[in-house]
Structure formats: structure tokens, C-alpha cells
Amino acid sequence: MRRGFYGLLTLVLGFIIGCAPSSKPSSNPSTPETSSSGALQVVFFDVGQGDSALIVFPNGKTMLIDGGETTQGRRLVQKLNQRGVKQIDWLVATHPHSDHIGGLIQVLNSFPVVEVWDIAMPFESPVYRDFLLAVRRAKTPDGKRPVFRKVRSGLTLEPAPEVRLSVLAPREPLLVGTRSDPNNNSLVLRVDAPGGSFLFTGDIEREGRRRLYEARVNLRAEVLKVSHHGASNGTDRAFLDRVKPRVAVISVGASNRYGHPHRETLALLQGVRLYRTDWHGDIVMRLGADKQLQIATERRAPTQPAPAKPSTKAIHSGIVIGNRHSKVYHAPDCPRLPKPENQVRFRSAEEATRAGYRPHTCVEGE
Ligand SMILES: [Zn+2]
Ligand SMILES: [Zn+2]
């Protein structure tokens, strides 16, 4: 099982980013050891519509950032076992939405955990309550209770020699009154290692990004975990100009009901090497002593279609037209508009997305 999985990874992939032509990939870029491999590994797990990323530091210490929905928990535990993970040193909940913390419950029940990081904002939900109960029941490797840390910006850590981890958000006081306070208060962190930096953005939206700019933190990173599953409120040109990523990862479920990732986001990411968990499955990045980033994926992307060009009309005029039956929305100039009796008008694509509609690829045709 384990051999088959990694065999597939090795076969399918081996993209090397920014390597000199003479440099060779290691024979197995997704080597799962969690100790003394000397490389920094980041695995973006395919957890359907949700987020989950594992960092294995060069000294074998592990950080798990989010865990997808509760229904993904068992599968996530299997994946961690397959990667040889024995304990979680830092279990990080970026914000209390179920698509980020649900799967962490099973992880807390299954692995020793040393520290839990949480933004600890007031939030009521059955999943968050179960998460906190699981934290209370969890054990460290020596049978104690894990440290529960309410995390704010400014926290830094050297989890392994030459690796620096910095929490960039949230800061006090937490944002209130935004479109989604949990999203905007997401824990944002960067990992700097020789050869590259990773930026994990949770689900931050516009107000959360503005705070990062105000704090004048360093946002430059080679690898960006795109915020909010590629929603249009998670990314804009100004943010990408600051991050300047070479590689972007969108953690998203196939055919999800939110229409993530948004085609505006995909258009903005043109020119950036894009990986998506719905296309590629698990995505494994490795930064070794050669300081070169190697990327392996569980699957090949289906056809690697070019992101649909946004319809100028849809974006400039704002109006989109939904089909009340299929819950798909179209640019007003789309040749495949629904019959008039089935049409619902929205003032913007965002409004349509909020109403549960997903975009039709109007420009490219299907
Ligand atoms: Zn969220
Ligand atoms: Zn989310």
C-alpha cells in the first residue's frame, strides 16, 4: 500500500522548480521519513473541500496545519501513518471553520500531540466544541496534556536549525464585523528555510490582508497556499504583487458547491505554477540541502486546462445570471444562458457564489 502510493508519486512526477539543468532529482522526492532526512517537506493533503498541510522539518519535527472536514479525519490519519508520522509537535488550527478543524479531531484522538495552536476567538459550533473536547483529551508523547496556545502575530519559532517560522496574523484586537470574522482572523504563518519560503494564509479575506500590509510584514514567498480555496475574496493583484509566488497551491474539493476556485483568482495566478488538490491529489514539496524545491503529486492534473479568461462584461458590469435549477451562473454575454424563466440575476459573481452558485466557463465554452 505504502510502496504503491509512493511508487506512483515518483513515477508520475518529479517536477523540479528552478533547478539548474544538471541537477538531478532525488530518486524518491516524496520520501516519507520524518527524521533526519535533512530536508524540509511540506505536504498539501487532498482533503476534499478544505485545507490540510503537513510540514516535516529537517530534524523530523512535525507541524499539521488544519485537517479538512470531520469526515476526512480517518483518511487524514491514514495518510499521516503512511508518511511515517509518529507524533504531531504542533497542531495548528488556522480558524474554527469545520473545513479546517474537523479532521483535526481524529488526529488528536490518534496521535500524541505536543502543542495545539488556535486563534481562540469566540466561536460557537458543534465541530469547534468537539475540537476543544478532543484537545482536552489529547496526550503528549509522555502522557501529559498538550500545551494549548492562543496564537497571535509576532510569535516566532526555530523548529529546526536554519528554519524559522513566523506567525504574521492575527493580531489583537481581532477583527470584528467583517464578511467573515473567522476567515479574516485566520492564523497566517510563514516558514523560511534555506532555499525557499512558504506562506500559509488560512482563509483570510480583504480585511485580513489589509492588516498584513499595515503590519509591514514580509510576505514574499516562493510557495503560496492560496487563501480561502481560491475564492475571489482570498486573493487579489496587490497581494500577489507582495508575495510574488513562483508556486501556488489551491486546496479545494472537486465540483464544490462554492464554485472554488474562482476564475478571477485563476486568471490572477496565470504565470505562477499552480497545483490544486482536486486535480493533483496530495502534493509533496521537498526542500533539500541543495536548496532546490522538488514537487511531487499523487496524480497528474486531468488536462491542465488554461484558466478560463474572465468575461470582461461579467467583471466590469458585475452582473451575472444564474440558472435556478443547475445553480450555475453565467456572464451576461454567455452563449449558453439559461431559459428566461430559469434565470436569476445577481449583482456580482461574489453574490452568486454566496448564494451557492458556481461559475460556468462562458468564454472558453465547454
Ligand atoms: Zn473559513
Ligand atoms: Zn475554508
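Atoms within a ligand are numbered from 1 in the order they appear, just like the ligands themselves.
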Exercise. Answer with yes or no after comparing the ring centroid distance for Phe346 and Tyr357 against a 6.0 Å cut-off, counting only values under it.
Key: yes
Self-check item: Step-by-step side chain to side chain donor-acceptor pair (under 3.5 Å) determination, Arg75 to Gln78
Solution: CA-CA 5 Å; Arg75 199 161 146 243; Gln78 274 175 7; over 6 Å; no
Self-check item: Contact flag Asn183/the Zn ion (ligand 1), N/O/S atoms, threshold under 2.8 Å
Solution: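 An N, O or S atom of Asn183 is closer than 2.8 Å to the Zn ion (ligand 1), so yes.
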Quiz item: Name of the His95 N, O or S atom nearest the Zn ion (ligand 1)?
Solution: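 Of all N, O or S atoms in His95, the Zn ion (ligand 1) lies closest to NE2.
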Practice problem: Name whichever N, O or S atom of His97 ends up nearest to the Zn ion (ligand 1). | Solution: ND1
Quiz item: Which residues satisfy the side-chain hydrogen bond (donor to acceptor under 3.5 Å, both in side chains) test with His260, sequence neighbours excluded?
Solution: Gln49
Below 2.8 Å, can you find an N, O or S atom of [X] next to the Zn ion (ligand 2)?
X      : value
Asp203 : yes
His100 : yes
His229 : yes

Quiz item: Mind checking whether Phe239 and Ser227 have side chains closer than 4.5 Å, heavy atoms only?
Solution: no
Exercise. Determine which of the N, O or S atoms in Asp99 is closest to the Zn ion (ligand 2) and give its atom name.
Key: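 Restricting Asp99 to its N, O and S atoms, the minimum distance to the Zn ion (ligand 2) goes to OD2.
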Quiz prompt | Over all atoms of both residues, closest heavy-atom pair of Asp118 and Ala93 | solution = OD1-CB, 3.7 Å
Practice problem: Without swapping roles, check the side chain of Thr201 against the backbone of Ile204 for a donor-acceptor pair under 3.5 Å. | Solution: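 It does not hold such a pair.
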